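By convention in this document, chain letters (A, B, ...) are assigned in the order of the sequence lines, proteins followed by strands, and residues within each chain are numbered from 1. Just so it is clear, the structure is predicted and the values come from calculations on it, not from any experiment.
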2 protein chains.
Amino acid sequence: MPQGLDEIDVRILKALQEDCSISTAELADRVGLSQSPCWRRIQRLREDGFIRAQVALLDAEKLGYSLHVFAQLKTSYLADSDREKFIRSVASIPEVVECYSVLGERDVLIKVIAPDIKWYQEFIFNTILKLPGVEDISSIVALSEMKHTTALPVRVTKE
Amino acid sequence: MPQGLDEIDVRILKALQEDCSISTAELADRVGLSQSPCWRRIQRLREDGFIRAQVALLDAEKLGYSLHVFAQLKTSYLADSDREKFIRSVASIPEVVECYSVLGERDVLIKVIAPDIKWYQEFIFNTILKLPGVEDISSIVALSEMKHTTALPVRVTKE
DNA sequence: CCTGAAAACGGGATTCC
DNA sequence: GGAATCCCGTTTTCAGG
């Protein structure tokens with residue numbers, strides 16, 4: 001069973017959310033601990049599921065993706081199986097990086113990264129509107145990114 | 001000056017976007033290379049800026065954040081200095097994980113993670129609407145997350 | 001049971017081919 | 001790009017609080 005987080009756990013998680021390539025020794029004295037207990041805490045945080053993965057973050061611009069677009073879709077799903085199919089389809093499109101079910105007239109929100117507006121326009125017609133059940137789409141184009149972090153707030157929750 | 005990516009670079013980046021905790025040796029034979037050239041490529045990809053960071057991804061649910069909300073703000077910025085101030089303010093709020101400048105009546109889009117709807121409601125009134133220049137807000141609440149990846153598509157761009 | 005020191009082992013970083 | 005080397009960091013073990 002998973003427990004709460006004490007102050008040191010919080011410091012460890014905050015540090016690893018910024019940079020997980022640092023050594024255990026480095027991390028240890030940043031959080032005020034020695035190597036082994038620090039290492040054991042990291043293991044525990046992983047086992048308990050607080051740490052989901054360690055990944056490399058790439059630079060979207062350098063990869064040629066300068067556009068972030070949020071698109072709201074209107075879908076028509078009566079059966080759960082159709083919905084499942086839609087989710088699988090959407091999940092398999094690498095340019096769709098996020099997908100949420102939302103309240104309102106348009107019931108799905110996706111975030112798409114695109115090389116440029118022309119590519120996006122074709123993407124809507126050739127890919128999104130061809131997904132089964134998608135009836136309508138409305139896009140919000142981001143001109144510039146003012147903040148984008150993968151770091152979540154972490155607070156002490158220790159019993 | 002930064003170059004393009006060949007097929008092996010692409011395989012390395014794809015692998016590291018999934019899991020950067022694997023050893024160089026492991027990665028090396030996954031991409032069909034031996035240790036040292038593989039290590040050298042990783043260094044180069046970092047230096048060239050393709051790899052921005054290596055971070056731990058935490059589980060939002062386990063940290064008590066079960067709600068993802070997208071909010072569109074209407075702001076009134078005449079001077080660039082006001083805009084700068086707004087960006088700094090918004091960037092300092094940990095629950096605001098993304099912030100974009102967008103086209104349209106409402107000119108800013110933020111993504112907020114929240115513990116629950118009650119918290120979010122208070123957050124709007126106590127924090128967002130108190131930011132200087134924010135005049136109006138419209139929220140899209142995500143009920144469930146169908147996809148959420150930090151992995152970007154990577155393609156061969158070698159000369 | 002959790003912490004810290006120290007030893008054993010494996011992987012990262014370097015050199016040479 | 002590959003092989004062999006060196007050395008540091010991860011991981012394990014053990015003693016103490």
Requested in this report: Would you check, one step at a time, whether the test side-chain contact (heavy atoms from CB on, under 4.5 Å) holds for A/Gln54 with A/Arg46?
Outcome: CA-CA 10 Å; A/Gln54 300 183 69; A/Arg46 235 200 295 271; 2.6 Å; yes
Minimum-distance nucleotide (side-chain atoms of [X] versus [options]):
| X | options | answer |
| --- | --- | --- |
| A/Ser23 | D/dT11, D/dG9, D/dG1 | D/dG9 |
| A/Pro37 | D/dT10, C/dG4, C/dT14 | C/dG4 |
| B/Leu33 | C/dG12, D/dT10, D/dG2 | D/dG2 |

For atom [atom1] of [X] and atom [atom2] of [N], their distance in whole Å:
| X | N | atom1 | atom2 | answer |
| --- | --- | --- | --- | --- |
| B/Gln35 | D/dA3 | CD | C1' | 10 Å |
| A/Glu26 | D/dG9 | CD | C1' | 12 Å |
| A/Gln43 | D/dT11 | CD | C1' | 9 Å |
| B/Leu16 | C/dG12 | CG | P | 11 Å |
| A/Arg41 | D/dT11 | CZ | P | 17 Å |
| A/Ile8 | C/dT3 | CD1 | P | 7 Å |
| B/Asp29 | D/dG2 | CG | C1' | 14 Å |
| B/Trp39 | D/dA3 | CH2 | P | 18 Å |

Query raised in the report: Can you list the stems that DNA chain C is part of, where a stem is at least 3 pairs in a row, each Watson-Crick or G-U, with both distances below 3.5 Å?
Result: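 Only these stems qualify: C:1-7 with D:11-17, C:9-17 with D:1-9.
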Query raised in the report: Between the side chains of A/Gln72 and A/Ser138, does any donor sit under 3.5 Å from an acceptor?
Result: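 Looking only at side-chain atoms, A/Ser138 and A/Gln72 do not form any donor-acceptor pair under 3.5 Å.
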Query raised in the report: In this structure, which one of B/Glu98, B/His148, B/Lys111 forms a side chain to side chain contact (heavy atoms under 4.5 Å, CB included) with A/Lys111?
Result: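 Among B/Glu98, B/His148, B/Lys111, the one meeting side chain to side chain contact (heavy atoms under 4.5 Å, CB included) with A/Lys111 is B/Glu98.
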Query raised in the report: Is there a donor and acceptor pair, one atom on the side chain of B/Arg40 and one on the base of C/dG12, closer than 3.5 Å?
Result: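 Counting by modelled atom types and ignoring angles, no donor-acceptor contact under 3.5 Å is found here.
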Give one of base, sugar-phosphate or nothing for [X], where a contact means two heavy atoms less than 4.0 Å apart.
| X | value |
| --- | --- |
| A/Ser36 | base |
| A/Arg44 | nothing |
| B/Ser34 | base |

**Report entry** A/Ile124 backbone acceptor or donor facing A/Thr127 side chain under 3.5 Å
**Finding:**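 No.
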Requested in this report: Determine, stepwise, if the pair A/Asp19 / A/Lys14 fulfils salt bridge (charged side-chain N to carboxylate O under 4.0 Å, His left out).
Outcome: CA-CA 9 Å; A/Asp19 184 1; A/Lys14 279 186 178 165; over 6 Å; no
Query raised in the report: If only side-chain N and O atoms of B/Thr24 are considered, is one of them under 4.0 Å from the OP1 or OP2 phosphate oxygen of C/dG11?
Result: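 Negative; the distance criterion is not met.
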Query raised in the report: A/Leu13, B/Tyr65: one ILVMFWY side-chain cluster at the under-4.5 Å cut-off?
Result: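 A/Leu13 and B/Tyr65: one cluster.
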Report task. Starting from the C-alpha separation in whole Å, work towards a yes-or-no answer on side-chain contact (heavy atoms from CB on, under 4.5 Å) for B/Leu27 and B/Val31. Result -> CA-CA 6 Å; B/Leu27 179 60; B/Val31 304; 4.0 Å; yes
